[in-house]
Amino acid sequence: MPKVIFQDNTEDNFAEGTVFFDVFKPRFKDALKNAVAVKVNGKLVDLRGALAGYGDIVRAELISLDSKEGIEVCRHSVAHVMAEAVRAIYPSAKCGIGPTIEDGFYYDFDVEKPFTPEDIAKIEAKMGEIINGGHAFTRTAVSKETALETFGSAGEKYKVELINALGDGEITLYTQSGFTDLCRGPHLPSTRFIKAYKITGFAGAYWRGDEKNKMLQRIYGVAFANKKELEDYLHRLEEAKRRDHRKLGKELDLFSTNEAIGSGLVLWHPAGSTVRRVIEDFWKKEHAKGGYDIVYTPHVAMLDLWKTSGHWDFYRDNLYSPMDVEGQDYIVKPMNCPFHIQIYKSHLRSYRDLPIRYAELGTVYRYERSGALHGLLRVRGFTQDDAHIFMRPDQLTAEIKSVLHFTLYILRSFGFNEFDVYLSTRPEKYVGTLANWEKAEAALKAALESTGLKYSIDPGEGVFYGPKIDVKIKDIIGRSWQCSTVQVDFNLPERFDVSYRDEHGVEARPIMLHRALMGSLERFFGCLVEHYAGAFPFWLAPVQAVLLTVTDRNNAYAGATLKKLKAVGIRAELDDRNEKLGFKIREAELRKIPYMLVAGDKEEADGMVSPRAKDREVKLESMTIEEFIAFVSKEGEPEGGEIL
RNA sequence: GCCGGCGUAGCUCAGUGGUAGAGCAGCUGAUUCGUAAUCAGCAGGUCGAGGGUUCGACUCCCCCCGCCGGCUCCA
């Protein structure tokens, strides 16, 4: 008789055949009402599973629907219901896989015709019917042979492929209302635990994620423990839509793309350009302080340069075709590194010169497949805030550390405070020596440790030429965007035969570091727009303050005041149109201008302005323009914190 | 690139084979106004491009371009 230790540390003995539901019943009658699974010795199993097979001492914990694990069980079960619904409507559909993902699940189907929005509505309705039926999910264990036979005879070729990939031993199947699917489980006791779900989308998806395979039809859905959470989720989606940089970019007249120009090529309008200029000025100032030399390099170069660098071989699919210049092939640059290397090589370098840090806001062009393009976040022409650091091996650790701290300082200056950090280690195919890889990985790791940030390791995800750190920034609603990257490179110094003279006068090979802090200005700007929902902080705002006259009697006074603002470098405008004040305020609010300065008869008489902060986030009394300038002066610079 | 959807005025969107519509923005005029929309009038369109079907195409078909949601990719 196994002994069961419950989550509250009480314990009791039960016969082996007892199912968990009955094990919990005497002590956890109320909790059982909302329980969807059991965690047995750390593993999730069905509530209707038996106690047998878990040893003499069994730790058992009820998993409720509203727990993280509980809702995952639910999502998986909804996926099965979806598969049942699809099969009920399209009997010839073949099922692929139906896993849970963040907030929901998807299921892939091989159907004769791709789904239409009408099909999806039908499927969702059918799911409702099934769920209302209150069907139990029942588990059966069969031999691999039986499973292959069952799915094989039903023509479920994808399931057969999945079963063949499984190890030997028994295969588990789950059935609800007559529909059986291959599944590890566990599942809900019954469909009546499905309280809130919604189909959120559908699209083609390659079988097993390989574009050589057939494209199946994928349906996405979400499920939550209750209606409220589903509504919250849908509300979050709305919020994300409201912040979409493509929508805001148009509304705030920040940037555009244009059919006549081509996909993925960005036009920066004056307002967006102003923000970019502020970013660039800040970037240049900080880099000068940080020991970087800022350089400029050409947009095209001879093809041979890219053959030497290896880009032509490795990334040819993403490079634009060569152009003929007096019989020589040139290509538009996909990278800045070869140019920086040539600058380095323009002199003989001494060990005393190192590290040498070349930074450039370098515009590069890469061919991205049309389907990959996305607003400013994925484009074909973009400006990297690139830098290449040439150093001695003994400088590696300190240099990586300083780069990483610099990165965090810059990102924090723009209001990003939460990051997801990844260390990508040696992939299967790599260049350079094992010893160098280990050294570089250790150096990256040490730098990460020194920041105190949490990070995860992506084993084997490094680039072929070296390990890297990627920093993804998290925006205000928790979505993360890859921007910063710090990469060690063992490849290019070899390929270009980069060298320096060491203290013995002997030729030595420097180590090279690539790094981008914002990644691309386009992407970073897109992230900023979404992060601030278009309401840039004062130091970044395209227009920082707008003067609003009440009547045209005030025009001269407001005009003189505008001059004072401009004289101290505040980006200010004057709205002296013959419109009502409320109208002007509304317009300034929609343009998300940080400060409105009302100049009416009263202010004019007192030599003041009446400031109104956007969204009235702070209440402000009338003040002189000099007082206002002093008031905003502290907002003129970003808050960056310390560079360590 | 692949699967699906979409493309009508500067913007947001109506318009299912028979003379292209609204609101906002724009222009003109009136209004001189106090913290998120003053009123009136006017103008604005090769309905994404090209081809086809038809007496007739914004509408149906083909092809191309662009955008959106995914898949794949992202040095």
Side-chain angles (χ1 to χ4, degrees), chain A residues 106 108 111 113-117 119-120 200-220 241 244 246-247 250-251 253 256-264 306 309-319 334-337 364 366-375 377-380 382 384 462-466 468 470 482 485 487 489 491-492 514 516 519-520 523 548-555 576-591 596-603 610-616 619-620 622:
Chain A
Y106 67 77
D108 289 344
V111 284
K113 272 192 184 159
F115 296 119
T116 65
D119 293 332
I120 296 299
T200 50
F202 60 103
Y206 301 106
W207 168 240
R208 300 203 140 183
D210 187 335
E211 64 182 325
K212 289 192 217 49
N213 289 339
K214 181 166 185 182
M215 181 164 269
L216 309 182
Q217 295 301 312
R218 175 171 299 177
I219 307 179
Y220 288 90
K241 232 170 158 179
D244 192 315
R246 294 166 300 186
K247 180 173 141 66
K250 198 180 276 182
E251 284 173 9
D253 200 12
S256 65
T257 55
N258 185 315
E259 243 181 271
I261 291 169
S263 284
W306 307 101
S309 72
H311 292 109
W312 183 249
D313 287 333
F314 282 99
Y315 305 113
R316 189 179 312 193
D317 290 348
N318 294 296
L319 303 184
M335 283 286 218
N336 304 303
C337 13
V364 297
R366 300 176 185 177
Y367 164 71
E368 300 284 359
R369 297 200 284 176
S370 58
L373 301 172
H374 180 94
L377 303 181
R378 193 77 183 275
V379 291
R380 286 179 175 159
F382 57 97
Q384 292 182 309
V463 197
F464 72 90
Y465 54 67
K468 61 171 180 174
D470 288 328
Q482 149 104 52
T485 184
Q487 308 180 344
D489 189 341
N491 185 44
L492 288 181
H514 305 247
S520 100
R523 172 176 292 184
L548 309 177
T549 53
V550 177
T551 83
D552 56 18
R553 285 191 299 280
N554 314 121
N555 287 1
D576 59 2
R577 292 173 302 172
N578 178 16
E579 297 287 353
K580 291 171 111 170
L581 182 60
F583 179 83
K584 296 182 184 183
I585 287 171
R586 175 183 158 77
E587 224 164 68
E589 283 286 351
L590 292 176
R591 290 174 66 197
M596 291 156 240
L597 304 174
V598 177
D601 290 340
K602 215 164 36 179
E603 287 76 15
S610 169
R612 181 189 202 276
K614 189 191 126 42
D615 294 333
R616 310 195 115 175
K619 290 262 183 284
L620 294 168
S622 288

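Each chain gets a letter, A, B and so on, in the order the sequences are listed, and its residues count up from 1. In this text the structure is predicted, and so the values were computed from the model without any measurement.
- With C1' as the reference atom, A14(B) and C47(B) are 13 Å apart, rounded to whole Å.
- Looking at residues two or more places apart in sequence or on another chain, you find no salt bridge (charged side-chain N to carboxylate O under 4.0 Å, His left out) involving D317(A).
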Sub-3.5 Å pairs of nitrogen or oxygen atoms, protein against nucleotides 11-16 of chain B:
unit_1, atom_1, unit_2, atom_2, d
U12(B), OP1, K250(A), NZ, 3.2

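- Here, G69(B) and G15(B) have their C1' atoms 26 Å apart, quoted to the whole Å.
- Here the CG-CD distance, from L548(A) to E587(A), works out to 10.0 Å after rounding to the nearest 0.5 Å.
- Separating the CH2 atom of W207(A) from the C1' atom of C2(B) is a distance of 18 Å, rounded to the nearest angstrom.
- Among E368(A), R523(A), R246(A), the single residue meeting the side-chain contact (heavy atoms from CB on, under 4.5 Å) criterion with H374(A) is R246(A).
- Taking CD1 from I585(A) and NZ from K580(A), the interatomic distance works out to 12.5 Å, rounded to the nearest 0.5 Å.
- With contacts defined as side-chain heavy-atom distances shorter than 4.5 Å, the pair L492(A)/S309(A) qualifies.
- Using bins of under 30°, 30° to 60° and over 60° for the plane-to-plane angle, the ring pair Y315(A)/F464(A) lands in the tilted bin.
- Side-chain atoms of D244(A) never come within 3.5 Å of backbone atoms of K241(A) as a donor-acceptor pair (strictly under, hydrogens ignored).
- By the 4.5 Å heavy-atom criterion applied to side chains, Q487(A) and D489(A) are not counted as neighbours.
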Treating primed atoms plus P, OP1 and OP2 as sugar-phosphate and everything else as base, which nucleotides of nucleotides 27-32 of chain B get B, S or - for protein heavy atoms under 4.0 Å?
----BB

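- In this structure, D601(A) reaches the bases: a heavy-atom distance under 4.0 Å links it to at least one base atom across the strands shown.
- Going from the P atom of U72(B) to that of C3(B) covers 15 Å, rounded to whole Å.
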Go through the steps to decide whether L373(A) and R380(A) satisfy the test side-chain contact (heavy atoms from CB on, under 4.5 Å), and finish with yes or no.
CA-CA 8 Å; L373(A) 301 172; R380(A) 286 179 175 159; 3.8 Å; yes

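- With sequence neighbours excluded, the residues forming a salt bridge (charged side-chain N to carboxylate O under 4.0 Å, His left out) with D601(A) are R553(A), listed by chain and number.
- Here the separation of U38(B) from G45(B), taken at their P atoms, is 28 Å to the nearest Å.
- Considering only residues two or more places apart in sequence or on other chains, K247(A) meets the salt bridge (charged side-chain N to carboxylate O under 4.0 Å, His left out) condition with E251(A).
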Could you pull out the protein-nucleic contacts involving nucleotides 35-37 of chain B (nitrogen or oxygen on both sides, under 3.5 Å)?
unit_1, atom_1, unit_2, atom_2, d
U35(B), O3', R612(A), NH2, 3.4
U35(B), O2', R616(A), NH1, 3.3
U35(B), O2', R616(A), NH2, 2.1
U35(B), O2, R612(A), NE, 2.9
U35(B), O4, S610(A), OG, 2.8
A36(B), OP2, R612(A), NH2, 3.0
A36(B), O4', R586(A), N, 3.4
A36(B), N6, E589(A), OE1, 3.4
A37(B), N9, R586(A), NE, 3.4
A37(B), N7, R586(A), NE, 3.3
A37(B), N7, R586(A), NH1, 3.0
A37(B), N7, R586(A), NH2, 3.4
A37(B), N6, R586(A), NH2, 2.5
A37(B), N1, R586(A), NH2, 3.1

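- Using a 4.0 Å heavy-atom distance criterion, E251(A) is classed as making no nucleic acid contact.
- Within the 4.5 Å cutoff, the side chain of T549(A) has heavy atoms near those of the K584(A) side chain.
- With rounding to the nearest 0.5 angstrom, the CH2 atom of W207(A) is 10.5 Å from the CZ atom of R218(A).
- In this structure, NE2 in H311(A) is found 4.5 Å from SG in C337(A), a value given to the nearest 0.5 Å.
- Annotation: G66(B) and G26(B) have their P atoms spaced 32 Å apart (nearest Å).
- Note on R208(A) versus D210(A): no salt bridge recorded, every NZ/NE/NH1/NH2 to OD/OE distance being 4.0 Å or above.
- Every residue two or more places apart in sequence or in another chain that forms a side-chain hydrogen bond (donor to acceptor under 3.5 Å, both in side chains) with Q384(A) is listed here: N336(A).
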Dot-bracket pairing map - RNA chain B, Watson-Crick plus G-U, both contacts under 3.5 Å, | cross-strand:
(((((((..((((....[..)))).(((((.......))))).....(.(((..]....))).))))))))....

Between the protein and nucleotides 22-24 of chain B, which nitrogen or oxygen pairs come in under 3.5 angstrom?
none

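- Comparing the same atom, C1', in C39(B) and in U31(B) gives a spacing of 8 Å after rounding to whole Å.
- By the salt bridge (charged side-chain N to carboxylate O under 4.0 Å, His left out) test, R366(A) pairs with no residue at all, sequence neighbours left out.
- Taking CG of N213(A) as the reference point, atom OH of Y206(A) lies at 10.0 Å (rounded to 0.5 Å).
- Between I219(A) and Y106(A), the closest side-chain pair of non-hydrogen atoms is not below 4.5 Å.
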Base contacts versus sugar-phosphate-only contacts with protein, heavy atoms under 4.0 Å: please encode nucleotides 67-75 of chain B as B, S and - from 5' to 3'.
SSBBBBBBB

For a quick check, with a 4.0 angstrom heavy-atom cut-off, what is the B/S/- contact string for nucleotides 41-47 of chain B, read 5' to 3'?
-------

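- Atom P of A25(B) sits at a distance of 31 Å from the matching atom of U19(B), rounded to the whole Å.
- Across the C1' atoms, A30(B) and C13(B) are found 31 Å apart, a figure rounded to whole Å.
- Taking CZ from R612(A) and NZ from K619(A), the interatomic distance works out to 8.0 Å, rounded to the nearest 0.5 Å.
- Taking a cutoff of 4.0 Å between a charged side-chain nitrogen and a carboxylate oxygen, E579(A) and R586(A) do not qualify as a salt bridge.
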